[in-house]
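Please read the structure below before turning to the comments.
Just so you know, ligand 1 is whichever comes first in the structure, and atom 1 is the first atom listed for that ligand. Quick caveat, the model's predicted, so the values are computed rather than measured.
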Amino acid sequence: MTHRPTRSALYIPGSRDRALDKARGLPVDVILFDLEDAVAPDEKAAARETLEEALAAGGYGPRYKVVRINGLDTDWGAADVAAVAEMACDAVLLPKVNSAADVEALAAQLPDVPIWAMMETPQGILNAAEIAAHPRLEGFVMGTNDLAKELNSRTRAAMRVSLQTCLLAARACAVIAIDGVYNAFKDEEGLRAECDEGRDFGFDGKSLIHPAQVAIANEVFGPSEAEIDLARRQIAAFEDAVAGGQGVAVVDGKIVENLHVETARATLAKAEAIATLEAS
Ligand SMILES: CC(C)(COP(=O)(O)OP(=O)(O)OC[C@H]1O[C@@H](n2cnc3c(N)ncnc32)[C@H](O)[C@@H]1OP(=O)(O)O)[C@@H](O)C(=O)NCCC(=O)NCCSC(=O)C[C@H](O)C(=O)O
Ligand SMILES: [Mg+2]
């Protein structure tokens, strides 16, 4: 399945007019409009209205517009759901999802909007497969801050099992998988290293907290020129091999079989989708 590009997913506090406006000009693939943790309790109602107005005003172009609501068990969840039903958004992001029943509870209240799940609780990680399999589920976003708190873990390495469990579940169900945030938003080197690791794991993109992080995520999660060139050469070599009655080609000293060609075609499709997005 080919989704729209999701290399960079920037959280924007729903309460911050200036940030909501700035996002209209940022080269980000996904905007995570936040009504949850980035908004103080006293500002929740005002943030909902501010966000409604910003989305109604538009100007976000082809960016994937996802609204993170407060949990359904909070004082603000019901009003958020009612508001999202009227908002011009592409998906709703439910925090602290523990089970497929949590997704179903939201699905029952919001019939037509695709649902994304924050994966950030131990119970949620253990139930990742059933959550990903919910028919309305379209994306996972890792909540590594909440997860670190819940696990009492001090390093990202300690969260590897959780990250990869969610990735397995996402891949089994063709669900988008976005890695967690990198909190030290002025540390470019650290961000790049964490993006590289997330890309190596197989994530589709990185969730971000500051505009300065967008370019690095877009670069790391988009196919490089070298990857595009290799993909083209693999496809051409394999087609030649097939025409010559062979099932295997060799490129740069490595075998190329049908499955590698599928990956190569996916790389080119992704590069094309990114080029289309960036041209619009
Ligand atoms: C981290 C920040 C508080 C820093 O804000 P600030 O000090 O204002 O940064 P700058 O002065 O460098 O800002 C420069 C300009 O960029 C705009 N800006 C800043 N952040 C954003 C943003 N996220 N989106 C759009 N625009 C942004 C500023 O308005 C400045 O613009 P201008 O004035 O026109 O020059 C701040 O970046 C911030 O609040 N970030 C978001 C924090 C957030 O969303 N947190 C919640 C999500 S993380 C999470 O919950 C993950 C998960 O649940 C888990 O458990 O892990
Ligand atoms: Mg969280």
| Gap between atom CG of Leu191 and atom CD1 of Ile216 - 0.5 Å precision | 5.0 Å
| field | With Phe238 via ring-ring contact (aromatic ring centres under 6.0 Å, His included) - residues at least two apart | value | none
| message | Quiz question for you: does at least one protein heavy atom lie closer than 4.0 Å to atom 11 (O) of ligand 1? | response | no
| task | Can you sort out which atoms of ligand 1 are near Gly143, meaning under 4.0 Å from one of its heavy atoms? | result | 52 (C), 54 (C), 55 (O), 56 (O)
| message | Check for me whether Pro13 has a heavy atom closer than 4.0 Å to any atom of ligand 1. | response | yes
| remark: Short version for Leu20: what comes under 4.0 Å of ligand 1, heavy atoms counted, is neither
| request: Around atom 14 (C) of ligand 1, find the nearest protein heavy atom and jot down its residue, atom name and distance. | output: His210 NE2, 3.9 Å
| Contact atoms of ligand 1, heavy-atom distance to Ala19 under 4.0 Å | 25 (C), 26 (N), 27 (C)
| query | Is Asp229 paired with Arg233 through a side-chain N to carboxylate O contact shorter than 4.0 Å? | reply | yes
| query | So does Arg7 pair up with Glu278, basic N to acidic O under 4.0 Å? | reply | yes
| said: For the aromatic rings, using the six-membered ring if either is Trp, is the centroid distance between Tyr60 and Phe33 under 6.0 Å? | reply: yes
| query | What atoms of ligand 1 come within less than 4.0 Å of a heavy atom belonging to Glu120? | reply | 52 (C), 53 (O), 54 (C), 55 (O)
| query | Hey, is ligand 1 close enough to Asp34 that some N/O pair sits below 3.5 Å? | reply | no
| field | Closest to atom 20 (N) of ligand 1 among Ala212, Pro211, Pro95, Gly14 (heavy-atom distance) | value | Pro211
| note | among protein heavy atoms, the one nearest atom 53 (O) of ligand 1 is Arg68 NH1, 2.8 Å
| Tell me, which protein residue and heavy-atom name are nearest atom 47 (C) of ligand 1, and how many Å apart are they? | Tyr11 CG, 3.4 Å
| query | What's the spacing between Asp34 CG and Arg16 CZ if we round to 0.5 Å? | reply | 12.0 Å
| Contacting atoms of ligand 1, where contact means under 4.0 angstrom from a heavy atom of Phe185 | 1 (C), 4 (C)
| said: What I want to find out is whether Asp29 reaches Lys206 closely enough, with some N-O distance under 4.0 Å, to be called a salt bridge. | reply: no
| What protein heavy atom sits nearest atom 43 (C) of ligand 1, and how far away is it? | Ala38 CB, 3.7 Å
| request: Taking atom types as modelled, find out whether Thr6 and Asp204 have a side-chain donor-acceptor pair closer than 3.5 angstrom. | output: no
Less than 3.5 Å apart, which donor and acceptor atoms pair up between the side chains of residues 160-170 and the rest of the protein, not counting sequence neighbours?
residue: Arg160; atom: NH2; partner: Glu197; partner atom: OE2; Å: 2.9
residue: Thr165; atom: OG1; partner: Val161; partner atom: O; Å: 2.6

| In Å, rounded to the nearest 0.5 Å, how long is the span from CZ of Arg171 to CZ of Phe203? | 8.5 Å
| Does an N or O anywhere in Ile209 fall below 3.5 Å from an N or O of ligand 1? | yes
| request: Report the nearest protein non-hydrogen atom to atom 56 (O) of ligand 1: residue, atom name, distance rounded to 0.1 Å. | output: Asn145 N, 2.8 Å
| task | Quick one: look up the protein heavy atom nearest atom 38 (C) of ligand 1 and list residue, atom name and how far away it is. | result | Arg16 NH1, 3.7 Å
| said: For ligand 1 and Asp146, I'd like to know whether there is a polar contact (N/O to N/O, distance under 3.5 Å). | reply: yes
| task | Quick one: look up the protein heavy atom nearest atom 33 (O) of ligand 1 and list residue, atom name and how far away it is. | result | Arg18 NE, 2.5 Å
| field | Positive for side chain to side chain donor-acceptor pair (under 3.5 Å) with Asn70, one of Glu36, Arg48, Lys44 | value | Lys44
| field | Residue and atom name of the nearest protein heavy atom (relative to atom 35 (O) of ligand 1), distance in Å to one decimal | value | Lys22 NZ, 3.9 Å
| message | My understanding is that only one of Leu208, Val141, Leu32, Asn145 makes a side chain to side chain contact (heavy atoms under 4.5 Å, CB included) with Val181; could you say which? | response | Asn145
| Those atoms of ligand 1 less than 4.0 Å from some heavy atom in Met118 | 52 (C), 53 (O)
| Any link between Leu93 and Trp76 through a network of hydrophobic side chains (Ile, Leu, Val, Met, Phe, Trp, Tyr) touching at under 4.5 Å? | no
| Cation over ring face, Arg4 and Tyr64, 6.0 Å, 45° | yes
| query | If you take all heavy atoms of Val113 and Arg136, which pair is closest and at what distance? | reply | O-NH2, 2.7 Å
| request: Tell me the protein N, O or S atoms under 2.8 Å from the Mg ion (ligand 2), in chain and number order. | output: Glu120 OE1, Asp146 OD2
| Residue pairs involving residues 147-190 (criterion ring-ring contact (aromatic ring centres under 6.0 Å, His included); sequence neighbours excluded) | Phe185-His210
| query | Which ligand 1 atoms, with their elements, are less than 4.0 angstrom from a heavy-atom of Thr144? | reply | 54 (C), 56 (O)
